[in-house]
Amino acid sequence: MAVSPHLVVFTGSGISAESGIKTFRASDGLWENHPVEEVATPQAWKRNPKQVLDFYNQRREQIRRAKPNAAHKALASLEQAGFTVNIITQNIDDLHERAGSRNVLHLHGEILKARSSVDERMRYPLPKGGIELGNICDKGSQLRPDVVWFGESVPLFAEACELVSQADFLLVIGTSLAVMPAASLLSYIDYDTPCALVDPEADRLSPPGVLAINTTAGEGVPALVNRWKQQGNLL
Ligand code: APR
């Protein structure tokens, strides 16, 4: 039996932009109105946990209202067409899963999950209405969103590197490649594995050797996927 072509996809907030979810570093991006130091660091959590919880509770509601767009759907359809597709996402939303993708690794965690604030391995169902101060886990510690903050380790990084090293093609979508260690994933591809970045800023952002596809995810990803489906390979 022929081995199905293995696509590894690495996504950033740009893939969810056309679903109405803000990216981070644009001039009106999320970090513009909510400084990172106030809502997305262990120090912020220590200083003002309520502010942090309010920020994520609000974001969670926006994410719940959003719908997968043409790019999320195209990736899911490629998997349904028989390709092996692994998605590594920096996004904490669930739009890849809602589009139908089954193999999604959330490098920076998931906003729809809760965890203990003292042990990242202890995950809990999200309390109805979001996480509030006083929602504690069975070991008595306050619950927090199951997301990775700046300055914290990225527990799934090694698994992501392994996936990238196995790819027949690495497709990067909608990320400024500004955050480490996530951005360094690109250096784990085999030397002869093709890699492309779909992003309206791709010309400026693409590292050497990465094909720049200077367009939105909603336009660029379905076009690529349709070509691959017609050809039956990732060329
Ligand atoms: N289609 C594709 N890409 C787009 C679109 C679109 N419609 N709109 C914007 N973009 C691109 C921008 O050009 C930019 O390169 O999305 C990228 C968003 O970059 P950032 O705001 O830096 O977000 P991202 O790369 O996802 O950030 C990585 O940083 O703050 C942390 O944890 C957070 O996971 C996040 C990480």
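Note that this is a predicted model, so its numbers are computed, not measured. Read the numbers this way: they start at 1 and go in the same order the structure lists the ligands and their atoms.
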Chain-and-number sorted residues having a heavy-atom contact under 4.0 Å with ligand 1 are G12, S13, G14, A17, E18, T23, F24, R25, W31, Q90, H108, F150, G174, T175, S176, V179, D199, P200, E201, L205, T216, A217
Acceptor/donor pairs from residues 71-80 side chains to any protein atom, 3.5 angstrom cut, sequence neighbours excluded:
residue : atom : partner : partner atom : Å
H72     : ND1  : N69     : N            : 3.1
H72     : ND1  : N69     : OD1          : 3.4
S77     : OG   : A74     : O            : 2.7
S77     : OG   : K229    : NZ           : 2.9
E79     : OE1  : R102    : N            : 3.2
E79     : OE2  : R102    : N            : 3.4
E79     : OE2  : R102    : NE           : 2.8
E79     : OE2  : R102    : NH2          : 3.3

Show me the side-chain donor-acceptor pairs of residues 205-225 shorter than 3.5 Å, one per line, residues at least two apart or across chains.
residue : atom : partner : partner atom : Å
S206    : OG   : A202    : O            : 3.0
N214    : OD1  : A202    : N            : 3.1
N214    : OD1  : D203    : N            : 2.7
N214    : ND2  : P200    : O            : 3.3
T215    : OG1  : E219    : OE1          : 3.2
T216    : OG1  : E219    : N            : 3.3

Could you tell me how the ring of Y56 sits relative to the ring of W149: parallel (under 30°), tilted (30 to 60°) or perpendicular (over 60°)? tilted
For A66 and R98, which heavy atoms make the closest approach, and how far apart are they? O-NH1, 2.7 Å
Show every donor-acceptor pair shorter than 3.5 Å between a side-chain atom in residues 127-141 and any protein atom, with sequence neighbours excluded, or say none if there are none.
residue : atom : partner : partner atom : Å
N135    : OD1  : E132    : N            : 2.7
D138    : OD1  : Y124    : OH           : 2.7
S141    : OG   : S116    : OG           : 3.1

Identify the heavy atoms of V85 and N103 that sit nearest to each other, and give their distance. O-ND2, 3.1 Å
